[in-house]
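Here is the structure we will look at.
When reading the values below, keep in mind they use all heavy atoms of this one structure, side chains included, and skip hydrogens, waters and symmetry mates. Within every chain, numbering begins at 1; the chains are lettered A, B, ... in the order of the sequence lines, protein sequences first and strands thereafter.
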Amino acid sequence: MVKLFALVVCMVLGCGSLFPMYAEAQEKGLRRVSLLPQWIPQAQFAGYMAALEKGFYRDAGIDLELLQGGPGAPPFEMLAAGKATFCTCWLSSAIQERASGKKIVCLAQIIQRSSLMLVARPHIKVPEDLHGKKVGLWAGHFYLQPMMFFRKHGVAVEVVPNYSSEALFLKRGVDAMAAMWYNEYHSILNSGINPDELTVFFLHQSGPNFPEDGLYTIADTYEADPQMCKDFVAASLRGWQWAFEHEEEALDIVLKHANEAHTGSNRPHQRWMLNRMKDLILSPEQTGGMGKLNPKDYKYVGHTLKEHHLIEEIPAFEDFYQGQP
Amino acid sequence: MTKVFHSSVKLKITVLVWLGSLVVLGAVLSYSYAQTRRIILAEAKEVALNVTAAAANKVEQDFRAVQKVALNLALTLQSCGTDSNELELLTLLRGAVQKNAEVFGAAAAFEPHAFKADLISFAPYYYKTPNGLAYEQLGSQSYNYFQKDWYHVPKILNKPIWAAPYFDEGGGNILMTTYSVPFYKRNEDQSSEERSTENFRGIVTADVSLAWLNQVVESIPVGQTGYCFIISDTGTFVAHKNPKLVMRESVFSVAEERKSQSWRDVGRAMIREAQGFVDLRDELGDAAYLAYARIPSPGWVVGAVFPKSELLFEVVNLHKATVVMAIGGSLLLLLASLLVARSIAAPLRDMAAATDRIASGDLDIDLSDIKSTDEVGQLAQALTHMAAGLKERDFIRDTFGRYLTKEVVNRLLESKDGLRLGGESRDISMIMSDLRGFTAMTSSMKPEQVITFLNRYLAKMVDILIEFRGTIDEIIGDGILAFFGAPEPLDDHPARAVACAIKMQLAMNEINRINESDGLPHLEMGIAVNTGKVVVGNIGSEKRSKYGAVGSQVNFTGRMESFTVGGQILVSKATYDRLADSLVVNKVLQVEMKGVPGLVELYDVRGIKGSYNLQLPDRYTERVPLEEGIAVQIDLLDQKTVSSVEATGRITSVSPTSAVLIMEHQIRQWDDLRLRLIRDVHQHIQGDVYAKAVEVSKTDQGYRVVVRFTSLSPEVYAIFREATMRGTPERSS
């Protein structure tokens, strides 16, 4: 009888010993989650880095782990594998993902317009001059918009795959290349080429103008704790706001993350990127506040994808977008 | 408080010299510094360009060696064709790495299935490690070599390229750059390869470790504070003393961060030109020079920064020292010029003071303190000499009055005896003159008129006397005593005296004309000329002396004078004897003189012939008879004063110079008379007449007296002239 009583007491005590940990976690209210950016640490993700450093996630009750993105970490795959809670990704890629049956949802649209551009040597003066020329394009999802641009202007180009850097373009292996306004364009400039020695075509001006980065998670995660997702978005946006208002400090944070990942970047490049982010995230084209996905944009992108047979049906907006209306 | 700033020679010299020296030194130093700087910098430029070119060349040699290895490998693989022996290949690669010190590693990366049909990727890679040679297969899950720039870019370009430097994590994990050479399928006839994407088989690479580059960079001599760096063909730092910049920053990112357009332009120039030299501000903001040279094969650039401060360190130091020396030198110069100025200014001040004393009459100045023999000393000597000369002249002036000419003074000063002027006996000629009736006439004149009148007369006479080199002994009122022949010896003194007397008489006409217009009486002068031995010398005392003549002949001349009438020159026998025929004699007078036995002969002279050739005009003394005559009151003048004698008479004929009187009272020849015209009873006509009786004769009507006028008042003169113009003249003597 005493042995049984002792066992019960031990069991109770044993169970009770679990309580403090759980209680601790409950007391703090911190939910442990992770964010995977779609590329290597750079000012493209300054908002999240800032929110992390300045404790905005913590304030919102979130213990965030910022994962290192890059070419070896495809965002949706990592989401599906459960290796990341949230990720960033392009709207067009996300729609394709959803349309293929993967239940991912959009929590916020961060970059409100396209930052894709075509950078060309000065002998190309108008889009039509690209006909028959070699153009360096990144593989995969990055083909669509430039191809639409070429078709719009009735040019047939020789597509040359471009992998990581501007070397092909700088060594004149191609006459033009696709570039992100906030990244490769500046790298080209800082290889010693002046803007007046280049011809540029901004896709957001000539079309197609696809909004780009957004915050995503799998539907299950959202349904399990929608408040947390909202808090996560709010903290992230707060991080972006802070980064825009505290440029030098934000750059310090970005460079810290970049150096940890040995990306070999420098301050002026990150500064350029941060300033372009400001232009893109606070874009005047947006209707409503920062981070909102405009249904019109959604329909436009979806429609274009369907036209190009990249998707069969456009997923329902209400199913796709779970962010601020 | 205002201070009057006296300009001083000392100050002027000192300040000007000092300022001048500073300006000159400043100019010289500035020029010297500028030129030296220019030369140094030019030399530095040359050295810098050479140094960077040498360094670039060194790097180039090593890069070329690596290139060669890769090119050879590629050629070999190409010639192999499709039959590929793995062992052969590996041996080849290994050998390439082992035998070539510059090569860090070498790989041969094949297109999918290009080596063996079943191999998607095949890229053997040998590289050096501290423990010896290592081997790796590059193709892996995490390292997709097909997408790497060193593979992809030369494949697209179809030509060998140097890759941008990178940290190669696939093998080595160090900073490297790679030379990639594409190789192709061999052509059927093995004559040439066709470089095209279809025939592309793979890439041969040879790696160069860039750690070695740092050694090159460090070995370039850039002085103490300079440094070197190497940038890639896109401006990225490949070697730099600050390792934080390597691979992370480029010249352009640095330029952007520092917002420097000039840096960006320099960067652009560096990657475009073969060689260059620019003046720029480096990171610290100090002026520096940048020399750069291209490493041709990879298109990288070696740059060397030379801070100007170091280049010019020696020059600046030298010039600092020179500036100090210059300032010191100029201070010494200042001191020297002060001394010189003082040696000029002090004597000048002394001389100015002495000159002031001279001006106030004190001619005893002592400038013996000024001992120098330069211009200042000469001036002092001249001043002393001047004071002595002034003293002499004062003496002469005091002695002789103002009437000796410069030549006379000089001649006297030259002869030692001249100045002593003790008495000596000399044969001279003397003249004595005075105005007839002057004293009496002026007794009724205003004092100012007297002086005006007298000085006008004297001025003229003195001028004439000076002209004839006469010595004026005395001027008493209207009378002049002058002599010729002393102190200046004059051989023709008798002729001179006579000629002078004639000229003086001629001058009276002009004087009278002026007098008439001033309302002053018509006056006449009488002159006596004598020649004889007298004693001449300085008469008086040291305090007051004059040069004069004494002796009986002087007295005689005075006595002669009293016999003259207006307009007359009486010459003594002694004088006449000397001149004889050269004189134009009007008449000879024989007079009695008190104390002289017998009669004295006096000659009335009207002209002199010969070298002087002067003549008095004939005086028309024709008297005009007056029908009615003019009543006159006659007073006798005794010793030039009027004695009251109530005598009357009548003028029966008159001329401007003489008249005939009929009177009861007896007077003697040579008596001086005063006549007053009576018109109507008891009414005198204004104006007196002064005359001398020259002829007295008794007639039945009374005494007939011929008088010569010595002074006529203007009113009377006018009356007589009117009378003479009306009447017909009669001859007179």
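Within residues 178-187 of chain A, the residues having any heavy atom less than 4.5 Å from a heavy atom of chain B are, in residue-number order, A:H186. Within residues 191-202 of chain A, the residues that have a heavy atom under 4.5 Å from a heavy atom of chain B are A:S191, A:G192, A:I193, A:N194, A:E197, listed by number.
Using cut-offs of 30° and 60° for the angle between ring planes, the B:F122 and B:F110 rings count as tilted. Ring geometry for B:H240 against B:F237 counts as perpendicular: the plane angle is over 60°, on a 0 to 90° scale with 30° as the lower cut.
Two rings, from B:W300 and B:F63, have their centers less than 6.0 Å apart. A centroid separation of less than 6.0 Å is found between the aromatic rings of A:Y48 and A:W240.
Look at A:K278 and A:E247 and you find no salt bridge, because none of the NZ, NE, NH1 or NH2 atoms lies under 4.0 Å from a carboxylate O.
At most 12 non-hydrogen atoms from other residues, nucleotides or ligands lie less than 6.0 angstrom from NZ of B:K68.
In this view, A:H246 and A:W242 satisfy the ring pair (Phe, Tyr, Trp, His ring centres under 6.0 Å) rule, not counting sequence neighbours. Residues that satisfy the side-chain hydrogen bond (donor to acceptor under 3.5 Å, both in side chains) test with A:E248, not counting sequence neighbours, are A:R267, A:R271.
For the pair A:F76 and A:L36, the minimum side-chain heavy-atom distance is 4.5 Å or more.
Ranked by heavy-atom pairs under 4.5 Å with chain B, the first of A:L189, A:L170, A:N162 is A:L189. No other option in B:M247, B:E249, B:H152 has as many heavy-atom pairs under 4.5 Å with chain A as B:H152. Counting heavy-atom pairs closer than 4.5 Å to chain A, the top-ranked of the candidates B:S253, B:S232, B:G235 is B:S253. Most heavy-atom pairs under 4.5 Å with chain A: of the set B:V246, B:D265, B:V153, this distinction falls to B:V153. Ranked by non-hydrogen atom pairs under 4.5 Å with chain B, the options A:S265, A:G173, A:G72 are led by A:S265. The residue among A:A139, A:A167, A:P161 with the most heavy atom pairs within less than 4.5 Å of chain B is A:P161.
Of the atoms belonging to B:I271, it is side-chain heavy atoms, and not backbone ones, that fall under 4.5 Å from chain A. When heavy atoms are compared at a cutoff of 4.5 Å, A:L168 approaches chain B by way of both its backbone and its side chain. Residue contact with chain B, scored on non-hydrogen atoms closer than 4.5 Å, is absent for A:P71. For B:I231, no part sits under 4.5 Å from any heavy atom of chain A, backbone or side chain.
A side-chain donor from one of B:S297 and B:Q67 sits under 3.5 Å from a side-chain acceptor of the other. Side-chain contact, B:Y227 with B:N242: no donor N or O sits under 3.5 Å from an acceptor N or O.
If you run ring-ring contact (aromatic ring centres under 6.0 Å, His included) between A:W90 and each of A:Y216, A:F142, A:F210, only A:F142 comes through.
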**Request:** Go through the steps to decide whether B:Y166 and B:T178 satisfy the test side-chain hydrogen bond (donor to acceptor under 3.5 Å, both in side chains), and finish with yes or no.
**Result:** CA-CA 9 Å; B:Y166 57 96; B:T178 304; 2.4 Å; yes
**Asked** After noting the C-alpha distance and the side-chain angles of B:Y151 and B:E111, does the key distance pass the side-chain hydrogen bond (donor to acceptor under 3.5 Å, both in side chains) rule?
**Response** CA-CA 10 Å; B:Y151 187 91; B:E111 278 281 277; 2.5 Å; yes
